[in-house]
Amino acid sequence: MIFDAIRNKENYKAETKIYQALCYLEQISRWDEILPDTVILEDCMFAGPVSFISKEEKECVYEAHKKYMDIHYIMEGAERIATADVRSLQVKTPYSEEKDIGFFTGAASGSCLLRPGDFMVCFPSDAHKVAMMDQRPETVKKVVVKIKVEK
């Protein structure tokens with residue numbers, strides 16, 4: 001898991017795909033200019049807008065992926081994201097190969113509060129509990145980039 005601000009994107013030049021995604025995200029001026037399933041790199045990287053009202057942690061569950069890593073980039077609002085090693089959690093909904101997602105419950109290893117300009121990279125081993133509120137529920141607008149992982 002990586003938690004950082006987009007202004008530090010140069011730190012990730014050695015991670016070519018992550019750096020390419022961060023450069024793309026930095027160029028977005030408005031959340032509503034992103035269309036669902038926007039292709040950044042054919043057969044490898046795509047992005048989509050996500051909007052929701054944040055909620056209490058007890059209402060959220062962990063998700064994890066096997067085929068893609070996620071980059072969550074906040075454009076409006078604040079979102080707390082908890083993380084844990086997927087192997088330390090209990091399966092709530094088994095992994096779907098078709099949807100590349102499984103859902104889990106268990107204890108967090110830690111959490112980060114993301115505000116506009118912040119991003120979090122979640123690798124396949126990083127289960128992530130998203131959409132958690134900070135002090136109170138609020139509208140969050142973010143872009144999620146999916147990057148295919150090499151096997």
CD/E138: more than 12 non-hydrogen atoms of other groups inside 6.0 Å: yes
For the residue pair S54 and P137, what are the closest heavy atoms and their distance? O-CB, 3.3 Å
Smallest separation among heavy atoms of D126 and V121, with atom names: OD2-O, 4.2 Å
Stepwise, does the side-chain contact (heavy atoms from CB on, under 4.5 Å) test hold for E76 with T139? CA-CA 8 Å; E76 293 180 27; T139 299; 5.7 Å; no
Residue pair D100 / Y95, side-chain heavy-atom distance below 4.5 Å: yes
Between atom SG of C122 and atom NE2 of H65, what is the distance when rounded to the nearest 0.5 Å? 7.5 Å
Just checking, any donor-acceptor pair under 3.5 angstrom between side chains of D118 and Y73? no
Flag side-chain contact, heavy atom, 4.5 Å: K17 against M69: no
Gap separating the CD atom of Q20 from the NZ atom of K13, nearest 0.5 angstrom: 13.5 Å
Test of understanding: clusters of I, L, V, M, F, W, Y form through side-chain heavy atoms closer than 4.5 Å, transitively. Do I28 and M45 belong to the same one? yes
Taking every non-hydrogen atom, the tightest pair across M132 and K129: SD-CD, 3.4 Å
What are the two closest heavy atoms between A82 and S111, and how far apart are they? CA-CB, 3.7 Å
Do the side chains of P49 and D32 get nearer than 4.5 Å, heavy atoms only? no
Criterion side-chain contact (heavy atoms from CB on, under 4.5 Å) on I2 and E15, from CA distance to verdict: CA-CA 12 Å; I2 299 169; E15 299 298 328; over 6 Å; no
V149 reachable from V39 in the ILVMFWY side-chain graph, under 4.5 Å edges: no
Would you compute the distance between atom CZ of R80 and atom CZ of R115 and round it to the nearest 0.5 angstrom? 8.0 Å
What do you reckon, is CD of E10 surrounded by more than 12 foreign heavy atoms closer than 6.0 Å? yes
Do M1 and I81 make a side-chain contact, defined as non-hydrogen atoms from C-beta onward lying under 4.5 Å apart? no
Minimum heavy-atom distance between A47 and I40, given as atom pair plus value: CB-CD1, 3.8 Å
Calculate, to the nearest 0.5 Å, the distance between atoms CD1 and SG belonging to I6 and C23 respectively. 8.0 Å
The reported gap from CD1 in I71 to CD1 in I147 (rounded to nearest 0.5 angstrom) is 3.5 Å
Tell me whether W31 contacts the main-chain N or O of V143 through its side chain, where contact means a donor paired with an acceptor under 3.5 Å. no
Find out whether K9 and L25 are in side-chain contact, i.e. whether some heavy atom of one side chain is under 4.5 Å from a heavy atom of the other. no
N/O donor-acceptor pair under 3.5 Å between D4 side chain and F119 backbone: no
V144, M75: one ILVMFWY side-chain cluster at the under-4.5 Å cut-off? no
May I ask you to test the L41-Y24 pair for a side-chain heavy-atom distance under 4.5 Å? no
Quick check: does any side chain N or O of Y62 sit under 3.5 Å from a backbone N or O of K92, one acting as donor and the other as acceptor? no
With rounding to the nearest 0.5 angstrom, report the CD to SG distance, E42 to C44. 10.0 Å
K148 NZ: over 12 foreign heavy atoms closer than 6.0 Å: no
Aromatic centroids of Y68 and F46 separated by under 6.0 Å: yes
Heavy atoms only: give me the nearest P124-K66 pair and the separation to one decimal. CG-O, 3.9 Å
Looking only at atom types and distance, does a side-chain atom of K67 sit under 3.5 Å from a main-chain N or O of E97, one as donor and one as acceptor? yes
Count I, L, V, M, F, W, Y as connected when their side-chain heavy atoms are under 4.5 Å apart, and connections chain through other members. Are I74 and F52 then in the same cluster? yes
Would you call the rings of H72 and H128 parallel, tilted or perpendicular if under 30° counts as parallel and over 60° as perpendicular? perpendicular
For the hydrophobic clusters of this structure (ILVMFWY residues joined by side-chain heavy atoms under 4.5 Å, transitively), does one cluster hold both M120 and V145? no
